[in-house]
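Written out below as structure tokens is the structure these notes cover.
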Protein chains: 2
Amino acid sequence: MLAFATSSAVTRIDFPALAICRGLEKTVAARIAAVASYRTVAASKMVFCEGDPSDNVYEVVRGMLKLFKLLPDGRRQVTGFLSPGHLLGLAHDERYLYTAEAITDVTLWRYPRTQFDRLIDEVPGLARRLLAATCDELRAAQDQMLLLGRMGAAEKVASFLLAMAECQAGESGDEDEVHVPMARNDIADYLGLTTETVSRTLTHLKREGVISLSTPSHIVLQDRERLSQLAEGDGAAHA
Amino acid sequence: MLAFATSSAVTRIDFPALAICRGLEKTVAARIAAVASYRTVAASKMVFCEGDPSDNVYEVVRGMLKLFKLLPDGRRQVTGFLSPGHLLGLAHDERYLYTAEAITDVTLWRYPRTQFDRLIDEVPGLARRLLAATCDELRAAQDQMLLLGRMGAAEKVASFLLAMAECQAGESGDEDEVHVPMARNDIADYLGLTTETVSRTLTHLKREGVISLSTPSHIVLQDRERLSQLAEGDGAAHA
DNA sequence: CGATATCTTGATAAGCATCAATGTGAGTGG
DNA sequence: CCACTCACATTGATGCTTATCAAGATATCG
């Protein structure tokens with residue numbers, strides 16, 4: 001089910017330069033690209049599974065995917081949504097610590113771990129770059145802990161919408177149009193809520209005129225100011 | 001209120017070798033130690049505050065501290081408890097992203113950021129080491145997201161007790177004795193609960209004979225097996 | 001040994017989950 | 001091309017979990 005292809009001059013032109021190479025010397029960047037191949041994964045298919053041997057490090061080139069962890073009884077926590085430029089499977093562990101699943105069709109750069117590890121030692125500045133990227137993910141994780149542990153449903157959903165808008169700034173024409181590629185279920189598992197609560201909260205925001213919903217995946221932020229207030233706890237609960 | 005002292009031959013002998021130096025060549029380790037000074041912080045005093053200019057990177061040598069983030073209205077999320085060997089303030093940002101406060105009296109190694117940054121570039125293997133440490137923190141953060149987003153109170157508290165025991169394995173004589181230096185309030189803000197719920201849950205575990213509580217900070221795990229079951233959702237809620 | 005912060009316990013209520021049913025849209029095959 | 005189907009989203013009724021408010025018990029420290 002999974003499509004593979006080795007890298008070639010053509011594919012290197014087709015896709016944007018590897019984010020981890022940006023700013024590195026050309027010869028070095030070429031060396032990194034030399035060990036990379038690319039892989040496409042269809043929407044709703046897994047890239048890898050929690051517990052699998054962590055044979056590869058990936059970088060998202062196109063599309064969006066989600067990372068999640070499971071409890072024995074099936075409860076799920078989505079730990080992040082990854083857009084192009086993000087790395088996954090970097091943790092230096094024998095096995096993957098979470099499952100990665102494509103939300104849309106996804107294109108990835110794949111680096112075999114053994115070769116990637118060698119690159120880290122041999123390419124000056126690469127380890128530092130990866131450190132910066134990981135610190136950034138850690139910061140995001142800490143923000144998410146604050147959200148999960150201390151925010152009410154309205155604040156969570158408002159924060160999520162603003163984060164999505166932020167993430168898509170400069171993509172579409174309208175700054176207030178947000179495209180939501182993931183299902184309500186995924187949003188819920190990301191925010192520590194249920195599908196129903198996410199849906200209800202969105203409906204409520206729509207009724208208040210804060211957002212508009214033409215299709216479930218197309219949201220327009222009508223009142224960013226109000227949304228920011230809600231994200232900071234201006235809506236009764238917990239405030 | 002804060003005690004400062006420059007590093008000296010004596011203090012280098014007094015404290016365990018810097019964790020970030022472990023395994024590095026002696027000359028290199030000495031070079032890292034040369035830019036470090038140490039700092040002690042009394043219990044309940046701040047090491048640094050969210051938003052302060054991030055002038056230093058620290059490493060915990062002795063004692064325990066907590067990291068937390070605040071919402072505008074005062075709600076608090078403790079993102080981690082740090083024991084010796086852990087780094088803080090590493091994120092490459094102009095300002096600290098969280099507040100660090102001593103729980104017990106704490107001793108820290110302090111590295112001025114400018115010099116620390118230079119070391120990262122110049123000491124081979126250091127960036128890689130820091131990368132590994134940060135990946136580990138990220139893993140812990142993802143585990144905590146699962147806890148905050150998807151576990152009930154009993155599971156949270158049980159998980160916390162087991163993690164504390166794990167962390168202290170090999171310290172005291174009895175493997176089942178857990179010393180809890182932080183207040184109920186801090187535990188609550190770490191687990192996304194209230195002080196009252198933490199207290200009630202502990203009382204309940206005590207009544208069931210799963211733990212015993214002589215003083216609030218001294219807990220003995222009487223039935224680790226049962227505790228593990230509870231941590232995995234064997235207690236009605238959410239299961 | 002007394003004062004104060006911390007912890008524990010109790011009663012009540014809010015917020016969100018759960019269970020159940022209906023609505024809606026994308027994709028499929030006749 | 002259209003009806004059909006199925007997955008997904010929405011809406012509603014109810015109950016559980018945990019927060020909140022309030023008071024009392026227990027530790028810790030000067």
Side-chain angles (χ1 to χ4, degrees), chain A residues 42-44 66 71 73-77 103-105 147-158 179-207 211-219 230 233 235-239, chain B residues 42-44 66 71 73-77 103-105 147-158 179-207 211-219 230 233 235-239:
Chain A
S44 85
K66 64 188 180 215
L71 286 171
D73 63 355
R75 281 172 286 168
R76 201 176 64 142
Q77 179 66 40
I103 291 173
T104 64
D105 290 350
L147 181 146
L148 289 168
R150 288 298 177 230
M151 286 187 183
E155 293 165 273
K156 287 177 176 181
V157 172
H179 178 62
V180 182
M182 66 288 282
R184 296 286 184 269
N185 199 3
D186 292 331
I187 300 173
D189 284 346
Y190 181 58
L191 301 177
L193 298 169
T194 59
T195 308
E196 294 93 328
T197 299
V198 170
S199 192
R200 269 188 260 271
T201 306
L202 287 171
T203 302
H204 184 247
L205 289 175
K206 184 180 167 186
R207 284 218 193 89
I211 61 169
S212 66
L213 273 156
S214 53
T215 74
S217 65
H218 182 240
I219 298 177
L230 288 170
H238 289 266
Chain B
S44 87
K66 65 190 179 213
L71 286 170
D73 63 356
R75 281 172 287 168
R76 201 176 63 142
Q77 179 66 39
I103 290 173
T104 65
D105 289 351
L147 179 146
L148 289 169
R150 288 297 177 230
M151 286 187 183
E155 291 165 274
K156 287 178 176 180
V157 171
H179 178 62
V180 182
M182 66 288 282
R184 294 288 184 269
N185 199 5
D186 292 331
I187 299 173
D189 284 347
Y190 181 58
L191 301 178
L193 299 170
T194 59
T195 309
E196 294 93 327
T197 300
V198 171
S199 191
R200 269 188 260 272
T201 307
L202 287 171
T203 303
H204 185 246
L205 290 174
K206 185 179 166 187
R207 283 218 192 88
I211 61 169
S212 67
L213 274 155
S214 52
T215 73
S217 65
H218 182 241
I219 298 178
L230 288 170
H238 290 265

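What you see below is based on every heavy atom in this structure, not just the backbone, and it leaves out hydrogens, waters and symmetry mates.
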Please examine the side chains of M151(A) and L71(B), heavy atoms only from C-beta on, and report whether any two atoms are closer than 4.5 Å.
yes
Over how many whole Å does the gap from D105(B) atom CG to dC29(D) atom P extend?
11 Å
Answer whether the closest heavy-atom distance between the side chains of L230(A) and L205(A) falls below 4.5 Å.
yes
For a quick test of reading the model, state the closest non-hydrogen atom pair linking I211(B) to L202(B) and the distance between them.
CD1-O, 3.6 Å
Contact list (N/O, under 3.5 angstrom) for nucleotides 21-24 of chain D vs protein:
unit_1  : atom_1 : unit_2  : atom_2 : d
dC21(D) : N4     : E196(B) : OE2    : 2.9

Length of the NE2-P vector between H204(A) and dT10(D), whole Å:
15 Å
In whole angstroms, how far is the P atom of dA19(D) from the CD atom of E155(A)?
15 Å
Residues T201(A), L193(A); criterion side-chain contact (heavy atoms from CB on, under 4.5 Å); working and verdict:
CA-CA 11 Å; T201(A) 306; L193(A) 298 169; 5.6 Å; no
Would you mind reading off the distance between H218(A) atom NE2 and dT24(C) atom C1', rounded to a whole angstrom?
18 Å
What is the distance, to the nearest angstrom, from the NZ atom on K156(B) to the C1' atom on dA19(D)?
12 Å
Can you tell me how far P of dA19(D) sits from CE of M151(A), to the nearest Å?
17 Å
Mind running side-chain contact (heavy atoms from CB on, under 4.5 Å) on N185(B) and R76(B) for me, showing each step along the way?
CA-CA 10 Å; N185(B) 199 5; R76(B) 201 176 63 142; 4.3 Å; yes
Measure the distance from CG on L202(B) to P on dA27(D) and round it to the nearest whole Å.
15 Å
Where do A43(A) and D105(A) come nearest, in terms of heavy atoms and distance?
N-OD1, 2.8 Å
Between R75(B) and R150(A) (side chain of the first, backbone of the second, donor and acceptor by atom type, cut-off under 3.5 Å), is there such a pair?
yes
By salt bridge (Lys or Arg N to Asp or Glu O under 4.0 Å), which residues pair with R184(B), not counting sequence neighbours?
none
Check the phosphate of dT10(D) against T203(A), side-chain N and O only, distance under 4.0 Å to OP1 or OP2. Yes or no?
no
Grab the CZ-P distance between R207(B) and dT8(C) for me, whole Å please.
11 Å
Within the 4.0 Å heavy-atom criterion, would you say L193(A) contacts the bases, only the backbone, or no part of the nucleic acid?
sugar-phosphate
Please tabulate the protein-to-nucleotide N/O contacts below 3.5 Å involving nucleotides 2-5 of chain C, giving atom names and distances.
none

Give the angle between the helix axes at the two ends of the helix from dT8(C)-dA23(D) to dG30(C)-dC1(D), taking five base pairs at each end and rounding to 10°.
40°
My understanding is that only residues two or more places apart in sequence, or in another chain, count here; which of them pass side chain to side chain donor-acceptor pair (under 3.5 Å) with K156(A)?
none
Minimal non-hydrogen separation, H179(B) against P181(B), with atom names:
O-CD, 3.2 Å
Check nucleotides 2-9 of chain D for protein N or O atoms closer than 3.5 Å to its own N or O atoms and list the pairs.
unit_1 : atom_1 : unit_2  : atom_2 : d
dA9(D) : OP1    : R184(A) : N      : 3.2
dA9(D) : OP2    : R184(A) : N      : 3.2

Kindly indicate, with the supporting measurements, whether the criterion side-chain contact (heavy atoms from CB on, under 4.5 Å) is fulfilled by T197(B) and L191(B).
CA-CA 10 Å; T197(B) 300; L191(B) 301 178; over 6 Å; no
T203(B) OG1 to L213(B) CG distance, which is reported to the nearest 0.5 Å
7.0 Å
Which sits closer to the 5' end of DNA chain C, S214(A) or G192(A), going by the nucleotide each is nearest to?
G192(A)
On the nucleotide dA19(D), are OP1 or OP2 found under 4.0 Å from the side-chain N or O atoms that T194(B) carries?
yes
May I ask you to test the D189(A)-K66(A) pair for a side-chain heavy-atom distance under 4.5 Å?
no
Between dA27(D) and T215(B), is there an OP1 or OP2 to side-chain N/O distance shorter than 4.0 Å?
no
